[in-house]
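What follows is a single structure, written as structure tokens, with notes after it.
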2 protein chains.
Amino acid sequence: MAAQASGRTGETRPGGEEPVAAEDRHAGCDSWRSVAPDAARRLLIAAVEAFAERGFHATTTRDIAGRAGMSPAALYIHYKTKEELLHRISQVGHERSLSLLRDAAAGRGGPSDRLAAAVGAFGRWHAEQHTTARVVQYELSALSPDHYAEIVALRRRTEAVVRDLVEEGVRAGEFEVLDARATALAMLSLCLDVARWYRPGGRRTPEEIGDFYADLALRMVLAPRATGRH
Amino acid sequence: MAAQASGRTGETRPGGEEPVAAEDRHAGCDSWRSVAPDAARRLLIAAVEAFAERGFHATTTRDIAGRAGMSPAALYIHYKTKEELLHRISQVGHERSLSLLRDAAAGRGGPSDRLAAAVGAFGRWHAEQHTTARVVQYELSALSPDHYAEIVALRRRTEAVVRDLVEEGVRAGEFEVLDARATALAMLSLCLDVARWYRPGGRRTPEEIGDFYADLALRMVLAPRATGRH
DNA sequence: GTCTATACGGAGATAGAC
DNA sequence: GTCTATCTCCGTATAGAC
């Protein structure tokens, strides 16, 4: 299901001096298609990988440039600072995952169907794009105050999508929850955390993870069979 | 639900020369009672706060020493490196949360009761000790390979406790799950993630969060009322 | 055990040639 | 747009006095 076109174009650099391992090195490069010119995109992809592996503060600009096959100085032609790289990554990643979530939430069917679709898609994205997702979810605090505020706004919108779905299901009488906001947050927690533990080649595919989490989300909102607990 | 005794004892330290803000600055200092001498403990507590705020790599030894009211050099009397501080924090934190989880899981009652108690206690700890928990959960990658391996072993034991509980409930016919391991991991994800978003003074107390997550955990394992989804 | 002073290396960012 | 060379600052860790 994972549309994986492109692969690596332009990987015909003279010396084959890839210093970094990685089968999934270029998994999801499509996500960065919009970034131009090519050198800027290569730097961005290199930064995503480095930030995901070591974290923003432990990553050096030399490392990023090296992964992109450029000199340290080349980075500053395309980005004013290291933080600007993080900002771009965070921005694109948040927009992409929000858009995915919205599309699923706006699909066909009742609240259960759409909630399952939304959580499934969101969870799956965090597995498929675990490299990007790790940066997006766990390096926020390295953003400048302005950029941080901008990203937080996107996150609130993400939360609202799920919360609205849960509330809609409650109004429709399909769901029964103790606290819609907290339930929605819990569903997002589940999905986000995939970026922390997921490793390619693990025992489940991204699609299976999404499906499994969709099932868990429904269990969270459908009144349990057993009673006498409240 | 969520049997909770103790609360914080021993919050009566004499001198009050705290340079840093924070209402919750000393929330859970009890956890570090075992660390001696006093200067070493103050440094450790300062490190927990700094690492939680900025992350390990963004924290300077000068900052840690400053928060503890000491000169930069004083740190190296008590710890060989900055990483050793992280290791101690991670070790104590993992041991504490594992112990908590085990106690709850070994309590009275059937699988449902004990699962609810375990998830409740674990979730509550991540809220109450959110500062420590943030370091414990999100700074692992800064550990040395040896220390990392040691901590991973503790984490596996934590996962096993919850997984065993879920499997026990399935065998007893109380639970119905698609995948016990994945379900247990999801419960842990929920609890861990509390450390990421929790802020003191938010709309729910740590105890309420624990109770809410205990309820969600039960929903995850009790077969849903509605059918026709698989 | 704690301080002041400092060695040493490395990181972000720039200058100026090509 | 990219490179080589470099500036400048700052962070970890140590030396040696008290």
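Note that these values count all heavy atoms, side chains included, but never hydrogens, waters or copies made by symmetry. Throughout, a chain's letter reflects where its sequence line sits, starting with A, and its residues are numbered from 1.
With sequence neighbours excluded, no residue forms a salt bridge (Lys or Arg N to Asp or Glu O under 4.0 Å) with B/D164. A/A127 is linked by a side chain to side chain contact (heavy atoms under 4.5 Å, CB included) to A/V194, A/Y198, A/P206, A/I209, counting only residues two or more places apart in sequence or in another chain. Looking at residues two or more places apart in sequence or on another chain, you find a side chain to side chain contact (heavy atoms under 4.5 Å, CB included) between A/R181 and A/R163, A/D179, B/R203. Taking A/L154 as the reference, A/H94, A/E95, A/L98, A/I151, A/R157 meet the side chain to side chain contact (heavy atoms under 4.5 Å, CB included) condition, with sequence neighbours excluded. Evaluation of the side-chain hydrogen bond (donor to acceptor under 3.5 Å, both in side chains) rule for A/E84 yields no partner, not counting sequence neighbours.
Shown for residues 83-92 of chain A: no residue has heavy atoms falling under 4.0 angstrom of DNA chain D.
Atom P of nucleotide C/dA11 and atom CZ of A/R54 are separated by 10 Å, given to the nearest angstrom. As a whole-Å value, the separation of A/L75 CG from C/dA11 P is 14 Å. One atom, OH of B/Y76, and another, C1' of D/dA15, lie 14 Å apart when rounded to the nearest Å. A straight line from CZ of A/F56 to C1' of C/dG12 spans 10 Å, rounded to a whole angstrom.
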Enumerate the protein-to-nucleotides 3-7 of chain D contacts in which both atoms are nitrogen or oxygen and the separation is below 3.5 Å.
residue : atom : partner : partner atom : Å
D/dC3   : OP2  : A/S71   : N            : 2.8
D/dC3   : OP2  : A/S71   : OG           : 2.9

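In terms of position along DNA chain C, the nucleotide closest to A/T60 lies nearer the 5' end than the nucleotide closest to the other residue of the pair A/T60 and A/K80.
Residue pairs satisfying the salt bridge (Lys or Arg N to Asp or Glu O under 4.0 Å) criterion with at least one member in residues 132-149 of chain A, sequence neighbours excluded, are absent. Residue pairs meeting the side-chain hydrogen bond (donor to acceptor under 3.5 Å, both in side chains) criterion with at least one partner in residues 69-82 of chain B, sequence neighbours excluded, do not occur; the list is empty.
For B/K82, the side-chain atoms get nearest to D/dA13 when compared with the rest of D/dA13, D/dG1, C/dT2.
Between B/H57 and D/dG11 there is no side-chain polar atom (N or O) within less than 4.0 angstrom of OP1 or OP2.
Using a 4.5 Å heavy-atom cutoff, the side chains of A/R155 and A/Q137 are in contact.
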